[in-house]
Amino acid sequence: MKHSTNQQTRRGRGPARRIGRTLALVLPVVLVLSGTLAVTRVNWTGNPSNSVLTASDASDIASDAKAAHRAPQDVLRDKLLGQLQEEDPGTVLMHLQQAVNERPSLAKHCVSIARSLGRAAVRMYGPTRAQSYARPVCDTSFASGVAGALS
């Protein structure tokens, strides 16, 4: 009888004991590895060029910090000029129009932003191709910027 009671007791503690042992072995390893990874991802040099942040994270942080001290139209202009590096001018002009529609206070700056985009498009695509992207955004100021870049 004592033998069967001992087996039931062991069976009752068996799964819990196995889980406990597994956690006792695995948990410290996980904690050490996660701590090591966290320490290696910290920029200990103090030099931002050695930062482990991804490019998009770094640019978001930098643009947020700059945006806090800059006028909204300047932030929008820089954002759109950056997008011009990745997207065609027609798409960027559409984003400009959307931004002005969402924030009407930017309307008075739309002309200068569109001209800047036009000048940048000429540098990237040449005058003929840049002109092909002209849209009636901000009273055709993009086209004016393209033409102004040629003079």
Side-chain angles (χ1 to χ4, degrees), residues 12-151:
R13 290 187 307 189
R17 179 171 282 191
R18 269 183 262 146
I19 291 171
R21 284 183 181 170
T22 303
L23 283 175
L25 292 173
V26 172
L27 194 58
V29 173
V30 169
L31 291 173
V32 167
L33 287 176
S34 64
T36 302
L37 291 174
V39 169
T40 59
R41 293 191 57 89
V42 172
N43 179 10
W44 295 101
T45 64
N47 184 358
S49 66
N50 293 333
S51 179
V52 188
L53 292 173
T54 63
S56 62
D57 291 342
S59 66
D60 289 347
I61 291 170
S63 66
D64 289 347
K66 289 178 186 176
H69 301 292
R70 298 179 55 220
Q73 66 271 13
D74 296 333
V75 173
L76 178 62
R77 177 181 291 113
D78 291 347
K79 177 183 171 187
L80 294 173
L81 286 170
Q83 285 179 357
L84 193 60
Q85 302 295 321
E86 300 168 4
E87 299 175 10
D88 67 87
T91 304
V92 175
L93 285 171
M94 181 183 66
H95 291 158
L96 172 60
Q97 187 64 55
Q98 289 172 343
V100 170
N101 290 344
E102 290 170 6
R103 286 186 74 181
S105 62
L106 293 171
K108 60 186 171 191
H109 304 286
C110 187
V111 170
S112 66
I113 293 171
R115 282 189 186 139
S116 297
L117 292 172
R119 288 189 294 269
V122 168
R123 286 191 299 272
M124 292 178 65
Y125 296 101
T128 305
R129 187 165 174 213
Q131 186 63 40
S132 72
Y133 289 106
R135 305 281 185 278
V137 175
C138 308
D139 299 324
T140 64
S141 298
F142 178 83
S144 172
V146 170
L150 299 175
S151 1

Pairwise distance CG(Asp88) to CD(Gln83) - rounded to 0.5 angstrom: 11.0 Å

Full working for side-chain contact (heavy atoms from CB on, under 4.5 Å) between Leu96 and Leu106: CA-CA 10 Å; Leu96 172 60; Leu106 293 171; over 6 Å; no

Partner residues of Ser132 under the side chain to side chain contact (heavy atoms under 4.5 Å, CB included) criterion, sequence neighbours left out: Arg129

Salt bridge (charged side-chain N to carboxylate O under 4.0 Å, His left out) contacts touching residues 71-81 (sequence neighbours left out): Arg70-Asp78, Asp74-Arg77

Shortest non-hydrogen contact from Ala121 toward Pro89: CB-CG, 4.0 Å

Between CG on residue Leu84 and CG on residue Leu93, distance to nearest 0.5 Å: 8.5 Å

Pairs involving residues 83-132, ordered by first then second residue, that meet ring-ring contact (aromatic ring centres under 6.0 Å, His included) (sequence neighbours left out): Tyr125-Tyr133

Side chain to side chain donor-acceptor pair (under 3.5 Å) partners for Gln97, two or more places apart: Asn101

Smallest separation among heavy atoms of Ser116 and Leu81, with atom names: O-CD2, 4.0 Å

